[in-house]
Peer 1: 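This is the structure I have questions about; it appears just below.
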Amino acid sequence: MIITPRVRGFICLTSHPKGCEQNVVNQINYVKSKGTIDGPKKVLVIGASTGFGLASRITSAFGSNAATIGVYFEKPSAEGKPGSPGWYNTAAFEKQAHEAGLYAKSINGDAFSDEIKQKTLDLIKTDLGQVDLVIYSLASPRRVHPKTGVIHNSVLKPIGQTFSNKTVDFHTGNVTEVSITPASEEDIENTVAVMGGEDWAMWIDALKAANLLAPGATTVAYSYIGPALTEAVYRKGTIGRAKDHLEATAFTITDTLKDLNGKAYVSVNKALVTQASSAIPVIPLYISLLYKVMKAKGIHEGTIEQIQRLYQERLYTGSEVPVDEKGRIRIDDWEMRDDVQAEVATLWEQATTENLSEIGDLAGYRTDFFNLFGFEVEGVEYGTDVNEVVEVPGLV
Ligand code: NAD
Ligand code: NA
């Protein structure tokens with residue numbers, strides 16, 4: 001079929017297999033161009049199909065020759081119905097990995113469930129024996145709690161007071177004022193239940209109990225801090241509470257891993273266009289201004305540049321992992337530079353519907369958004385028929 005984008009708000013209902021494949025190939029080529037990393041050998045990536053998790057899987061495999069198992073929740077392709085981008089990304093990744101002689105298998109299902117955890121443990125036991133790196137990169141709006149059965153829905157709200165600020169509809173470029181009413185106590189608890197560290201700890205506990213973690217094993221989860229501009233709705237809002245919990249969980253997990261000489265880290269990453277971040281109010285406006293400033297300074301990075309740098313310059317340097325005063329790895333260092341933030345803050349004051357395409361990188365935002373779904377990718381032929389049904393070669 002000929003597949004075109006069908007956009008509804010901040011999601012796209014269709015995705016393009018060739019575009020997704022090209023994105024993955026581009027990321028692989030980038031990692032290869034940066035040379036070999038003396039990194040992990042057997043890696044489990046939870047949330048492996050898009051965004052930072054996919055970049056982690058690619059960096060592990062093509063930067064460090066690692067065997068990888070990916071866990072994700074994606075819609076398979078069917079006749080007349082394109083799959084979700086993460087389905088096509090994984091198909092492309094596993095095809096490339098197998099051609100390169102690398103072990104790559106994956107499991108599609110709810111990572112929060114006991115069933116998918118058990119399936120993953122069984123696969124590791126049979127195929128890899130143990131893993132030496134576990135990347136935790138889930139971004140989900142809901143979680144069915146495996147012990148209580150309760151469905152938790154996460155919300156993006158400020159805490160304590162109404163938040164009012166500028167936001168942009170990145171499709172139209174319309175800059176408007178948005179007001180978000182504060183979260184209830186229940187909203188906070190639900191968001192922490194979905195995006196906090198409980199599930200990460202459950203994964204590590206289960207892996208450890210089954211003796212599937214190698215001596216010195218490392219686990220990394222991803223967090224975000226961001227600027228004062230977005231603080232009330234992000235870091236000091238409901239999602240920030242979840243990130244606080246995630247960051248605190250790193251210490252608990254490190255205790256769990258003591259006898260293995262293992263360690264848990266949270267890496268604070270840069271703001272980027274992903275399916276998760278385009279749903280957050282105010283963030284798209286911030287990102288479009290940030291992109292403009294960082295590109296002008298020659299320090300813009302995408303997910304693959306971020307994760308490649310995380311591995312090569314933080315996690316696997318051969319010496320101690322550098323962390324901030326709260327024990328976190330900072331790969332958002334360029335985003336948070338004073339000169340970058342000062343320029344973004346000035347542009348933020350100025351931003352209007354009329355000038356945003358000039359002073360901000362709205363075009364870059366949109367391109368990145370469409371790229372997530374395999375559209376507007378350079379070198380891909382969109383006018384012709386493609387087979388929408390694609391197999392994931394390593395799917396278990
Ligand atoms: P993403 O939406 O691109 O990726 C989410 C992944 O989780 C996908 O592989 C998806 O299949 C998987 N997933 C979701 N629900 C699942 C479930 N129930 N079971 C199994 N898999 C499931 O998101 P992302 O932006 O890469 O986010 C990953 C992490 O990075 C999050 O913790 C996020 O907060 C963090 N982070 C994001 C940004 C940003 O700007 N995007 C910045 C810093 C940190
Ligand atoms: Na991810």
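Keep in mind that the numbers below use all heavy atoms, side chains included, and drop hydrogens, waters and symmetry copies. In listed order, ligands and their atoms are each counted from 1.
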Peer 1: Considering both backbone and side-chain atoms of T50, is one of its nitrogen or oxygen atoms within less than 3.5 Å of a nitrogen or oxygen in ligand 1?
Peer 2: yes
Peer 1: Which of the numbered atoms in ligand 1 are below 4.0 angstrom from a heavy atom of D110?
Peer 2: 17 (C), 18 (N), 19 (N)
Peer 1: Can you list the ligand 1 atoms lying under 4.0 Å from a non-hydrogen atom of S140?
Peer 2: 15 (N)
Peer 1: If you measure every N/O of V71 against every N/O of ligand 1, is any gap under 3.5 Å?
Peer 2: no
Peer 1: Could you tell me, atom by atom, which parts of ligand 1 come under 4.0 Å of a heavy atom of K243?
Peer 2: 31 (C), 32 (O), 33 (C), 34 (O)
Peer 1: Compute the shortest N/O to N/O distance between F52 and ligand 1 and return yes if it is under 3.5 Å, no if not.
Peer 2: yes
Peer 1: For ligand 1, which part of E74 has a heavy atom less than 4.0 Å away: the side chain, the backbone, both, or neither?
Peer 2: side chain
Peer 1: Can you check which of Y222, F112, Y72, Y224 brings a heavy atom nearest to atom 35 (C) of ligand 1?
Peer 2: Y222
Peer 1: If the test is salt bridge (charged side-chain N to carboxylate O under 4.0 Å, His left out), which one of R309, K270, K295 qualifies with E301?
Peer 2: R309
Peer 1: Under 4.0 Å from a heavy atom of G109: give me the atoms of ligand 1 that qualify, with their elements.
Peer 2: 19 (N), 20 (C)
Peer 1: If we only count N/O pairs under 3.5 Å, is L272 in contact with ligand 1?
Peer 2: yes
Peer 1: Out of I283, T274, L372, whose heavy atom is nearest to atom 24 (P) of ligand 1?
Peer 2: T274
Peer 1: Can you list the atoms of ligand 1 that are under 4.0 Å from a heavy atom of A48?
Peer 2: 9 (O)
Peer 1: Determine whether the side chain, the backbone, both or neither of L138 has a heavy atom under 4.0 Å from any heavy atom of ligand 1.
Peer 2: both
Peer 1: Could you tell me which atoms of ligand 1, counted from 1 in the order shown, lie closer than 4.0 angstrom to a heavy atom of G51?
Peer 2: 3 (O), 26 (O)
Peer 1: Go through ligand 1 atom by atom and flag the ones less than 4.0 Å from a non-hydrogen atom of S137.
Peer 2: 5 (C), 6 (C), 7 (O), 28 (C), 29 (C)
Peer 1: More than 12 heavy atoms of other residues, nucleotides or ligands under 6.0 Å from CD of E177: is that the case?
Peer 2: yes
Peer 1: State plainly whether the residues R57 and E94 are in salt-bridge range, i.e. N to O under 4.0 Å.
Peer 2: yes
Peer 1: For atom 27 (O) of ligand 1, tell me which residue out of A242, P141, G226, A139 has the closest non-hydrogen atom.
Peer 2: A139
Peer 1: Taking only heavy atoms of S223 into account, list the atoms of ligand 1 that are under 4.0 Å away from them.
Peer 2: 43 (C), 44 (C)
Peer 1: Assess, by modelled atom type and distance only, whether the side chains of D255 and T252 contain a donor and an acceptor separated by less than 3.5 Å.
Peer 2: no
